[in-house]
Amino acid sequence: MNSPPDRTAWLKGGGALCLNPPTPPRGAPWRLVLLGAPGVGKGSQADLLCERLGTCHLSTGDVFRAARRAPTGERSPAMQTAFECMHRGELVPDATVVSLVAERKACLHCAGGFVLDGFPRTVAQAEALEIMLEDQGVGLDAVFDYQLPLEEIVERLAGRRVCPVCKAIYHLTGHPPRIEGICDLCGGPLVQRDDDRLEAVYTRMEAYTATIEPLLAFYRQRRQLVVVPAHGSPQEVYERAWARAAVLRPGLAPAITPRTGPGGKP
Ligand code: AMP
């Protein structure tokens with residue numbers, strides 16, 4: 001099996017090229033947007049979708065986290081403000097996020113397609129994305145909105161631990177590592193993400209609930225919205241998403257079985 005696309009162009013921006021671009025699928029590439037509160041499981045769904053559809057995972061949160069690892073002296077004032085917003089669990093200003101995505105808009109017409117995760121988060125961002133997609137001459141196949149009760153999301157986020165070395169994700173009770181505080185896969189020390197601290201979690205949930213309804217209305221109006229209850233295993237959520245997408249648009253082929261090769265629609 002091929003290794004997943006490396007996302008160099010997306011994570012670095014500034015004209016960087018991917019060393020290992022996605023393999024174009026046999027049919028048209030998939031272009032999806034994932035919505036849902038932080039902690040609802042968008043990241044796991046993005047991984048599944050990318051593995052099976054051959055698309056690239058474009059997460060704005062990942063771009064900010066990658067930029068935060070760069071030396072402090074290289075930070076622009078806009079980036080410094082973005083990091084402060086992230087630390088508090090607040091949304092980064094629209095203008096900063098939109099320019100960050102605009103700088104990477106070549107990724108939107110990537111031959112492998114994309115799964116956008118964490119963008120757009122506001123109607124202003126959705127409008128900016130719509131214009132960028134029009135410029136690139138590409139459209140969206142679907143917008144999946146993953147939904148879970150608030151208490152369940154807070155519990156998921158506050159118990160989440162991540163490995164900063166290999167990016168594996170654990171949960172204190174739901175998916176604990178074999179040895180407390182140590183990554184099963186690479187032996188790295190597990191940490192709590194800055195914005196998974198309980199205070200930040202509540203701020204993030206407030207930011208989410210304040211912006212999500214108009215965003216859902218935006219995509220519902222365009223008949224692109226697929227609401228997906230996100231309880232159950234990642235596989236169950238994946239299957240439910242495509243079953244619901246097929247109700248909205250019968251022509252949209254469900255992608256249930258694992259791909260046998262890179263890049264092809266199942
Ligand atoms: P995520 O990994 O998507 O939960 O993003 C982590 C943090 O990055 C968020 O809590 C925000 O502070 C910031 N962020 C990521 N994407 C966006 C966006 N589209 N709009 C505003 N802030 C964002």
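All ligand and atom numbering here is 1-based and tracks the order in the structure. We use all heavy atoms of the structure for the numbers below, so side chains are in, but hydrogens, waters and symmetry mates are not.
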K.L.:
Give the atom numbers and elements of ligand 1 that come within less than 4.0 Å of a heavy atom of Glu90.
P.N.:
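The list of qualifying atoms is 11 (C), 12 (O).
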
K.L.:
Nearest 0.5 angstrom please: Gln147 CD to Leu35 CG, how far?
P.N.:
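The CD atom of Gln147 sits 10.0 Å away from the CG atom of Leu35.
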
K.L.:
Supply the atom-to-atom distance Ser59 OG to Phe114 CZ, rounded to the nearest 0.5 angstrom.
P.N.:
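If we round to the nearest 0.5 Å, Ser59:OG and Phe114:CZ are 14.0 Å apart.
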
K.L.:
Are Asp141 and Arg31 ion-paired here, with the side-chain N under 4.0 Å from a carboxylate O?
P.N.:
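Result for this pair is no, no salt bridge flagged.
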
K.L.:
Output the list of atoms in ligand 1 that are nearer than 4.0 Å to some heavy atom of Gly118, sorted by atom number.
P.N.:
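Counting from 1, the qualifying ligand atoms are 16 (N), 17 (C), 18 (C), 19 (N).
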
K.L.:
Short list, please: which atoms of ligand 1 are under 4.0 Å from a heavy atom of Val97?
P.N.:
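Listed by number with element: 18 (C), 19 (N), 20 (N), 21 (C).
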
K.L.:
Tell me whether Val154 is reachable from Leu172 by hopping between hydrophobic residues (I, L, V, M, F, W, Y) whose side-chain heavy atoms are closer than 4.5 Å.
P.N.:
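Per the 4.5 Å side-chain linkage, Leu172 and Val154 are not co-clustered.
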
K.L.:
Is the closest basic N to carboxylate O distance between Arg7 and Asp62 below 4.0 Å?
P.N.:
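Looking at Asp62 together with Arg7, the answer is yes, because their closest N to O distance falls below 4.0 Å.
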
K.L.:
Looking only at side-chain N and O atoms, does His57 offer a donor or acceptor that is under 3.5 Å from a partner on Asp117?
P.N.:
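A pair is found: one side chain offers a donor N or O, the other an acceptor, under 3.5 Å apart.
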
K.L.:
Would you mind listing which atoms of ligand 1 come within a distance below 4.0 Å of any non-hydrogen atom of Gln125?
P.N.:
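Result: 18 (C), 19 (N), 20 (N), 21 (C).
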
K.L.:
Touching ligand 1 at all, Arg193? Heavy atoms, strictly under 4.0 Å?
P.N.:
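It does; at least one heavy atom falls under 4.0 Å.
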
K.L.:
Could you tell me which atoms of ligand 1, counted from 1 in the order shown, lie closer than 4.0 angstrom to a heavy atom of Arg65?
P.N.:
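It comes down to these atoms of ligand 1: 2 (O), 6 (C).
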
K.L.:
Of the side chain and backbone of Asp195, name the one, both, or neither that has a heavy atom under 4.0 Å from an atom of ligand 1.
P.N.:
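The side chain, only.
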
K.L.:
Going from CZ on Arg65 to CE on Met86, what distance comes out if it is rounded to the nearest 0.5 angstrom?
P.N.:
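Spacing of CZ (Arg65) from CE (Met86) equals 5.0 Å.
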
K.L.:
Of Arg68, Arg121, Arg204, which has the heavy atom at the shortest distance from atom 17 (C) of ligand 1?
P.N.:
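Checking each option, the heavy atom nearest atom 17 (C) of ligand 1 is found in Arg121.
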
K.L.:
What protein heavy atom is closest to atom 8 (O) of ligand 1, reported as residue, atom name and distance in Å?
P.N.:
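The closest heavy atom on the protein side is Met86 CG, 3.5 Å.
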
K.L.:
So if I count the atoms of ligand 1 from 1 in the order they appear, which ones are less than 4.0 Å from some heavy atom of Thr60?
P.N.:
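Every atom of ligand 1 under 4.0 Å from some heavy atom of Thr60: 15 (C), 16 (N), 17 (C), 19 (N).
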
K.L.:
Is it true that Glu90 and Arg204 have a side-chain N and a carboxylate O under 4.0 angstrom from each other?
P.N.:
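Here Glu90 does not pair with Arg204 in a salt bridge, since their nearest N and O are not under 4.0 Å apart.
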
K.L.:
Does any N/O atom on Val92 come nearer than 3.5 Å to any N/O atom on ligand 1?
P.N.:
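Yes, Val92 has an N/O under 3.5 Å of an N/O on ligand 1.
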
